[in-house]
Amino acid sequence: MDAFGVIRRAVEVIRVRRAGAPAACAVLLLAAFAALVPVSLADQPFAPSRDYDLTHARIELRFDLEQRKVLGQVTHTLSALRDGLRQLHFDSVDLTISGVRVDGRDGRFSTDAEKLHVHLDAPSKAGQKYEVAIRYDGKPKKGLYFIFPDKSRPNQTRQIWTQGQAEDTRYYIPIYDYPNDRTTTEMIVTVPGDWETVSNGKLVSVTGAGQGMKTWSWSQAQPISTYLITLVAGELEKQSETWRNLSVDYIVPRGQRERIAPTFSRTRDMLTYFSDRLGVPYPWDKYDQSMVDQFVIGGMENVSATTLTTRSLLHPVLARESLQQSDGLISHELAHQWFGDLVTCKDWAHLWLNEGFATFMATLWQERRLGADNASYARWRMQGGWMRQGRLFAVPVVTRDFNDSLRYAGNIYDKAGLILQMLRVQLGDEAFFGGLKHYLEKNRLGNVVTEDLVKALEESTGANLDRFFGQWIYGAGAPRFAVTSAYDDATQQLSLSVRQTQRVGGAVGLFTVPVEIAITTAGGTQSFPIRPSKAEETFSFPVNGAPLLVLFDKGSRILKSVEFRKPPAEWIYQLQHAEEVADRAAAAEALGDVKDNEAVVAALGEAAQRDRFWGVRVQALTALGRAGGAEAGQRVLAATSNTEPWVREVAVEQLGRFKDDASLPERLVEIFRRDAAYRVRAAALNAYAQLKPGGGLSVLQDAAQADSPDDVIRRAALRAMGPLGDDQAVATLLEWSAEGKPIALRTAAIASLAQLDKKNEAVGKQLIAYLDDQAFDIRTAAVNALGDRDDPAAIPALEAMLRRTDLPVNFSNVIERQIARLRHTDTDADGAQASAAGGPAPAAGAAAAPEVLDRLRSVEQTLTEVNDRLKRIEQALPAKSAP
Ligand SMILES: [Zn+2]
């Protein structure tokens with residue numbers, strides 16, 4: 001699944017805040033991300049012992065649409081795994097069981113909060129088969145969701161959809177609900193006659209069911225784990241294609257048909273590429289992708305029927321302004337059809353076998369479609385992003401500690417994906433992909449742990465991978481290198497001192513990794529492979545003259561950080577001449593730290609306009625923004641002529657940092673009016689507001705009148721009113737925050753209201769009223785806005801909200817934190833967050849200056865990480881969640 005999809009919900013709030021907000025605010029927001037995750041990735045740390053083997057589940061569902069109730073019958077075929085069972089247990093939460101039949105006769109049963117226990121008349125014999133039919137109904141709190149129109153969303157089309165992972169299928173079907181068993185399924189669902197439905201496997205029939213209803217029968221003939229069972233039903237429309245004789249359907253809410261092509265047009269190419277690259281053809285009877293509203297995550301890889309959030313459904317105009325479009329999400333979920341669905345982790349400790357591969361395969365698709373430079377750049381960004389999240393460092397990829405879901409997710413997605421890429425480079429493509437083919441075939445329709453992958457790779461390649469898996473998968477962290485070089489002209493030797501500075505201890509050790517050293521002199525470039533393995537060692541290389549450039553880990557193949565002190569001239573040489581994207585990007589990043597250096601600004605300015613790869617231009621632009629100064633501002637302005645909208649957007653964003661240049665507001669208005677891309681125009685409004693020009697409000701108010709695809713411009717204008725800081729905006733914002741306006745505009749307006757006219761009681765009262773709004777997004781925005789306004793009058797209302805029983809998982813933490821802010825008792829929380837975010841643990845009771853500085857540094861790192869993540873999300877999913 002795409003767990004980070006939920007973050008998109010918070011993106012809007014963050015984007016407004018990040019520009020002017022103090023760093024501590026971003027830390028709080030990071031915690032809010034964790035709190036907003038309504039779906040957990042993992043619950044039970046160990047797979048339960050099995051009493052029986054579930055072989056078939058025939059699921060029949062009807063609905064009471066008024067009551068939002070599910071009326072179900074499920075018939076399980078199973079066989080006992082041992083003698084002497086007196087009961088059969090099924091996971092079942094909040095379901096009312098009205099009857100159970102065992103082999104056609106009424107059976108006795110009992111229930112508790114988590115289980116249905118079916119009593120057997122006689123003790124079982126191992127291998128004995130049973131057919132257990134269960135009639136039930138319930139109003140699921142999780143697992144199955146009714147998305148219907150309400151006051152907040154009067155135009156909402158009616159949709160019902162499910163989300164099983166991690167252990168939520170039990171909220172709408174009494175069933176064995178853990179990955180370590182597989183069953184074939186039938187989904188027989190009766191819905192209004194004009195609805196579409198989607199489920200696993202083949203559509204067998206659609207028949208009339210009387211009273212304007214129809215019954216759809218789906219059959220999944222190969223066994224799957226029950227968290228991958230799905231149903232999507234509702235007022236949807238479908239477009240069909242075929243691929244190698246299989247149907248490939250796209251299902252979207254009614255009225256959204258024109259978004260199907262820009263969103264999904266490469267699905268069949270992906271199917272071909274993944275099938276051929278893995279040597280294992282797409283394994284299921286069909287491939288459906290359904291887009292549903294208010295989906296709780298980004299996407300879910302249900303077998304043969306992926307469910308995705310409509311936030312990734314692209315407006316045709318905006319799709320043209322995006323490089324990746326929705327391919328990141330679509331390729332991730334498609335890759336799961338092999339890694340996760342065909343071969344499924346046995347328990348959540350090994351979930352990286354699903355998520356790491358899906359992350360890796362999505363980058364592989366990027367490499368295929370957009371070229372090696374794009375993929376290298378994405379990996380380089382991912383490496384830096386992971387290394388900056390200190391809180392992930394001490395946790396191994398394989399862990400059974402699921403309490404901190406973001407900490408756990410941060411390793412099984414990006415880090416695991418990067419580890420697989422390292423393995424690919426170290427084994428070579430032929431051996432690596434051959435090994436994956438063997439792994440998939442050997443474990444086809446099975447459940448696996450990490451050792452199954454190790455064993456399959458070793459069988460296929462002969463390579464011993466114990467050290468590799470030991471340090472990267474079972475061990476934690478990554479090497480942090482400190483490198484210095486010295487050239488001796490007399491002996492023509494370059495010596496490289498290499499230290500590993502990561503704090504060794506716990507699951508973090510010293511790393512043994514292959515590293516390529518590339519040394520460029522006037523005579524050309526030579527490469528030397530080395531293998532650092534110690535805390536400190538020195539390597540010597542013969543060179544034919546003074547080096548112009550020394551690269552440690554050319555192309556950044558290894559997940560690591562490097563502190564390699566070089567003079568600005570060498571970084572400039574690297575920026576201009578390094579062959580690989582990662583090395584040029586790293587040079588741009590390093591040069592952003594050099595202050596008041598004309599040559600550096602000139603080189604960055606040159607790179608921002610002329611580097612052959614767009615990502616290096618982006619890095620040069622952000623480096624110029626950090627370097628600051630009048631000349632840097634002019635260089636950034638010049639780079640707004642870049643042809644790619646996603647580069648121009650970064651240039652425009654950076655202009656918001658040059659507050660001393662009085663001519664910039666006008667230039668930004670010009671860009672807003674003239675630029676061809678909506679995302680650039682939206683960024684121009686935000687940057688304009690950052691500069692706080694006099695009379696700026698009328699510009700933003702005019703912009704808020706303009707119609708644009710998905711209201712990109714109006715949303716940006718409303719969001720910019722907060723940072724602009726003109727209290728006159730309050731009336732406009734109150735109007736746009738009101739019930740009946742589109743949710744995305746309401747949340748934008750509320751986020752801006754949080755920052756303005758803090759003495760105005762009417763605003764506070766209105767925000768308190770939004771705590772009861774029907775839309776979750778509005779309630780969340782209101783909670784955060786009340787915390788921002790620093791008005792203690794909001795405390796009783798927030799406390800009352802805390803007492804409600806229908807709060808989504810962990811949402812009470814978000815409320816509590818805002819209450820603490822209003823009481824000014826959250827200073828400790830900030831410190832705790834900062835040290836959890838990767839800084840060294842502060843000395844107990846002492847706030848000595850170096851520790852404060854360290855803390856500040858780690859807060860800054862966290863902020864950078866948040867921004868990186870936002871960038872990635874925005875690049876991947878531009879249409880609705882970001883301009
Ligand atoms: Zn996934």
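Start at 1 and go down the list; that is how both ligands and their atoms are numbered. Everything numeric in this text was worked out from a predicted model, so none of it was measured. Throughout, residue positions are numbered sequentially from 1 according to the sequence presented.
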Next on the checklist: Pair Thr267, Trp243 - check side chain to side chain donor-acceptor pair (under 3.5 Å), show working.
Outcome noted: CA-CA 9 Å; Thr267 297; Trp243 174 83; over 6 Å; no

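- Distances from the Zn ion (ligand 1) to the N/O/S atoms of Glu355 are shortest for OE1.
- Look at Arg244 and Asp276 and you find a salt bridge, because one of the NZ, NE, NH1 or NH2 atoms lies within 4.0 Å of a carboxylate O, short of that distance.
- With the Zn ion (ligand 1) as the vertex, NE2 (His332) and NE2 (His336) define an angle of 100°, rounded to 10°.
- Of all the heavy atoms in Tyr282 and Ser304, the pair that sits closest is OH-CA, 3.5 Å.
- Not one N, O or S atom of Asn354 sits under 2.8 Å from the Zn ion (ligand 1).
- Between Met291 and Thr309, the shortest heavy-atom distance links the atoms SD-O, 3.1 Å.
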